[in-house]
Participant: 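Sharing a structure below in structure tokens format, with a few things to ask.
Scope of the values below: all heavy atoms of this structure, side chains included, with no hydrogens, waters or symmetry mates.
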Amino acid sequence: MKSILIKTILAVIIMGALVACAENKKPEINFPPTDLSVANMIPKPLKTIATNNAFGLDQFTTIYTSQTDNGFVEVGHYLSDKISEVTKLNLLVNEKSENTVDRIIYINQSDSTDLATNESYQLYITKDSAIINSKTAEGAFRAVQTFRQIIPESSNDTLAEQPIWPIPTGKIIDAPNFEYRGSMLDVARHFFSVEDVKKYIDILAYYKYSILHLHLSDDQGWRIEIKSWPKLTEVGGSTEVGGESGGFYTQEEYKEIVDYAAANYITVVPEIDMPGHTNAASVSYPFLNGNGKKVKLYEGTHVGFSTFDTRKDTVYAFIDDVVREISAITPGPYFHMGGDESHVTKKNDYIHFVNKVEKIVKKYGKRMIGWDEIVTADIDNQAIAQFWSSKENADMAVKKGMKVILSPAKKAYLDMQYDSLSKHGLHWAAFVPVDSAYIWTPENYEGIPTENILGIEAPLWSETISTIDELEYLAFPRAIGHAELSWSTQENRDWGNYKVRLANQAPYLDRMDVKYYPSKLIDWKKSKYSYTEIKKD
């Protein structure tokens with residue numbers, strides 16, 4: 001590690017020599033003491049060591065990166081853009097500045113053996129430089145989110161002739177606790193636009209999420225264009241809960257979301273829920289229906305009444321086309337087949353169906369995820385169970401050697417009401433205030449061994465919400481807590497410490513115009529972007 005760091009520092013010195021002359025260097029700035037260890041970072045890093053000085057971010061700062069073809073340059077430009085959003089500074093990236101360069105940010109590709117995963121990073125901040133070391137651009141991107149969080153909201157205009165943002169010096173060594181750190185967005189009950197989804201991605205990326213699970217079909221709507229079956233969107237995409245006009249993503253729009261997520265190092269997991277939750281598909285193509293009743297468009301919220309006909313070969317031909325088309329435009333490794341609440345599907349038919357779908361998913365090179373009910377079928381241990389309700393199913397998944405995604409409804413469901421006065425959400429699982437959403441231990445939840453846990457996902461079902469403002473009200477701040485539960489180690493998680501750091505997220509959330517729920521459990525920091533008067537219940 002030391003040799004890598006020395007090489008990095010030498011590279012920085014050489015670069016600095018190209019753009020700055022010692023005789024032009026400005027007088028040293030006497031920064032007041034800082035403490036990196038109390039910075040408002042969420043998720044909390046693995047290890048933080050403060051050195052109690054400051055790096056002065058100003059117009060005389062520039063960004064350099066490893067100039068490889070695997071994303072480091074793009075991460076540098078991303079950081080420059082995000083710094084500009086806060087400070088209005090326009091930092092050059094890998095360019096010679098006409099001004100003297102006093103300080104640099106260097107994003108370095110490192111082969112250090114101390115970087116155990118693709119998302120691991122080291123951040124070294126001194127008075128003159130901020131150095132990010134990572135194996136991959138993904139790791140650098142995660143480090144950049146940390147760096148963004150320690151930039152002061154306002155400049156200090158008393159330290160120098162120019163505005164300057166003092167960033168605490170020190171060392172941060174960091175890596176994720178779980179690789180799968182996800183949130184699910186239900187666009188089927190109510191449809192959300194491409195721009196709404198992009199905004200959600202922006203916020204998830206800031207808190208180091210790695211997965212966006214899109215619930216693309218349900219009884220109330222089919223939301224993804226399938227070119228070989230056009231009525232799915234023409235008919236099935238025409239409505240939503242409450243009878244509004246619904247909507248859907250063309251394949252080009254879906255690819256736009258996938259590409260945007262990928263640029264933020266987030267993998268999209270598409271879900272087509274089946275054999276239950278399939279009314280919208282069966283209305284579009286009635287031969288799919290297996291409940292023996294005449295199908296019609298559905299705008300309610302009742303569940304469990306629909307099913308595919310699990311014994312028709314034409315049903316599996318249809319599913320093959322759907323999985324093939326979606327898989328072709330989804331580069332991630334996963335395909336979610338739903339599998340929950342299929343109450344009118346006979347048990348043997350359900351097992352037969354899940355077994356057949358698993359083979360189709362594998363055929364197109366994807367790894368199947370399903371809600372915890374799928375473990376009752378004869379699937380192998382490559383399938384992944386998403387635990388939302390049944391401990392018995394979770395235990396069965398463990399016995400089969402399967403990986404489990406933790407989404408316990410009474411802790412992780414973002415659509416649960418905060419309390420009895422919440423404007424949106426349901427409470428069939430529980431009321432989930434901000435503290436309850438954070439105070440649980442994934443590593444031993446319900447006795448599931450840590451080695452079987454792939455990660456955590458916080459689902460947001462949309463029965464009661466139809467706008468981005470309402471989405472944000474339910475998701476935030478609870479999704480921020482789930483980010484820390486997913487990334488930070490158990491010994492680094494503490495409610496008393498977390499709620500202080502959460503309070504200080506308000507300037508970022510306000511700047512992003514996030515209509516978060518202003519829980520009275522949190523002493524929210526006021527900011528120049530604040531719109532607290534509007535948010536009060």
Side-chain angles (χ1 to χ4, degrees), residues 1-2 4-16 19-20 22 25-65 75-76 79-80 82-83 86-87 89 91 100-108 110 112 114-115 120-134 139-140 142-175 492 497 500-501 504 507-508:
M1 190 273 286
K2 288 183 179 178
I4 298 298
L5 181 57
I6 290 170
K7 290 177 183 178
T8 302
I9 294 172
L10 285 174
V12 171
I13 292 170
I14 292 169
M15 288 182 178
V19 295
K25 195 167 180 66
K26 296 175 179 59
E28 185 170 339
I29 299 171
N30 293 316
F31 290 105
T34 65
D35 189 351
L36 183 63
S37 66
V38 297
N40 299 301
M41 295 174 280
I42 299 178
K44 191 172 185 179
L46 184 63
K47 186 176 184 180
T48 303
I49 302 170
T51 54
N52 307 114
N53 211 307
F55 171 89
L57 181 66
D58 64 7
Q59 68 192 61
F60 302 109
T61 306
T62 194
I63 299 171
Y64 290 99
T65 74
V75 172
L79 175 58
S80 179
K82 295 305 179 184
I83 288 174
V86 180
T87 66
L89 297 172
L91 302 191
T100 298
V101 173
D102 290 338
R103 287 162 293 277
I104 71 164
I105 300 167
Y106 186 38
I107 304 173
N108 175 56
S110 169
S112 171
D114 291 337
L115 297 164
S120 301
Y121 67 88
Q122 303 158 339
L123 176 55
Y124 299 94
I125 306 171
T126 69
K127 292 186 297 181
D128 301 315
S129 64
I131 302 168
I132 291 170
N133 284 332
S134 58
R142 305 299 181 214
V144 160
Q145 308 315 315
T146 299
F147 190 83
R148 291 173 64 192
Q149 290 186 0
I150 58 177
I151 298 173
E153 181 185 355
S154 301
S155 62
N156 188 323
D157 298 339
T158 67
L159 297 171
E161 295 180 358
Q162 72 282 357
I164 195 163
W165 285 258
I167 295 175
T169 57
K171 301 176 183 179
I172 294 174
I173 311 298
D174 205 6
N492 272 341
N497 177 267
V500 174
R501 288 179 286 121
N504 287 298
Y508 167 75

Participant: What's the shortest heavy-atom distance between S120 and S134, and which atoms?
Facilitator: O-CB, 3.7 Å

Participant: Please examine the side chains of I105 and S129, heavy atoms only from C-beta on, and report whether any two atoms are closer than 4.5 Å.
Facilitator: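 Not in contact.
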
Participant: Within this structure, what is the CD1-CG distance for the pair I150 and L123, rounded to the nearest 0.5 Å?
Facilitator: 5.5 Å

Participant: Looking only at heavy atoms, which two atoms of K171 and L36 are closest? And how far apart?
Facilitator: N-CD2, 3.9 Å

Participant: Could you go through S110 and N108, starting from their C-alpha distance and side-chain angles, then the distance that decides it, and tell me whether this counts as side-chain hydrogen bond (donor to acceptor under 3.5 Å, both in side chains)?
Facilitator: CA-CA 6 Å; S110 169; N108 175 56; 4.7 Å; no

Participant: Drop me the distance from T61's OG1 to D128's CG, to the nearest 0.5 angstrom.
Facilitator: 10.5 Å

Participant: Do the side-chain N and O atoms of Q145 and R148 include a donor-acceptor pair separated by under 3.5 angstrom?
Facilitator: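 Looking only at side-chain atoms, R148 and Q145 do form a donor-acceptor pair, the distance falling under 3.5 Å.
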
Participant: With sequence neighbours excluded, what pairs up with T146 under the side chain to side chain donor-acceptor pair (under 3.5 Å) test?
Facilitator: Y121, K208

Participant: So, the side chain of N156 versus the backbone of W165: is there a donor-acceptor pair under 3.5 Å, distance only?
Facilitator: no

Participant: How many angstroms lie between atom CD of Q59 and atom OG1 of T100, to the nearest 0.5 angstrom?
Facilitator: 10.5 Å

Participant: Listed by chain and number, what are the salt bridge (Lys or Arg N to Asp or Glu O under 4.0 Å) partners of D58, not counting sequence neighbours?
Facilitator: R103

Participant: What's the shortest heavy-atom distance between I104 and F55, and which atoms?
Facilitator: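 Result for this residue pair: O-CE1, 3.6 Å.
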
Participant: Locate the shortest heavy-atom distance separating I164 from D157; write the atom from each residue and the value.
Facilitator: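 Smallest heavy-atom distance, with atoms named: N-OD1, 4.4 Å.
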
Participant: Which atoms form the tightest heavy-atom contact between L159 and F31, and what is the distance?
Facilitator: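 Closest approach of L159 to F31: CD1-CD2, 3.5 Å.
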
Participant: Answer yes or no: is there a donor N or O on one side and an acceptor on the other, between the side chain of T87 and the main chain of I83, under 3.5 Å?
Facilitator: yes

Participant: Could you tabulate the donor-acceptor pairs under 3.5 Å formed by side-chain atoms of residues 44-51, not counting sequence neighbours?
Facilitator:
residue	atom	partner	partner atom	Å
T51	OG1	T169	O	3.4
T51	OG1	T169	OG1	2.7
T51	OG1	G170	N	3.2

Participant: If you measure from NZ on K82 to CZ on F147, what distance do you get to the nearest 0.5 Å?
Facilitator: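 One gets 15.0 Å once the value is rounded to the nearest 0.5 Å.
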
Participant: Nearest 0.5 Å please: distance from the OG1 atom of T158 over to the CD1 atom of I29.
Facilitator: 10.0 Å

Participant: I'd like to know whether L91 forms a side chain to side chain contact (heavy atoms under 4.5 Å, CB included) with L57, so could you lay out the CA-CA distance, the side-chain angles of the two residues, the decisive distance to 0.1 Å, and finally the verdict.
Facilitator: CA-CA 10 Å; L91 302 191; L57 181 66; 3.8 Å; yes

Participant: How far does CD1 of I172 sit from CD1 of I125, to the nearest 0.5 angstrom?
Facilitator: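 Here the interatomic distance stands at 5.5 Å.
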
Participant: Quick one: closest heavy-atom pair of I173 and Q122, and the distance?
Facilitator: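 What the structure gives for the nearest pair is CD1-CG, 3.9 Å.
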
Participant: Does a sphere of radius 6.0 Å around NZ in K127 hold more than 12 heavy atoms from other residues, nucleotides or ligands, not counting ones at 6.0 Å or beyond?
Facilitator: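 Open.
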
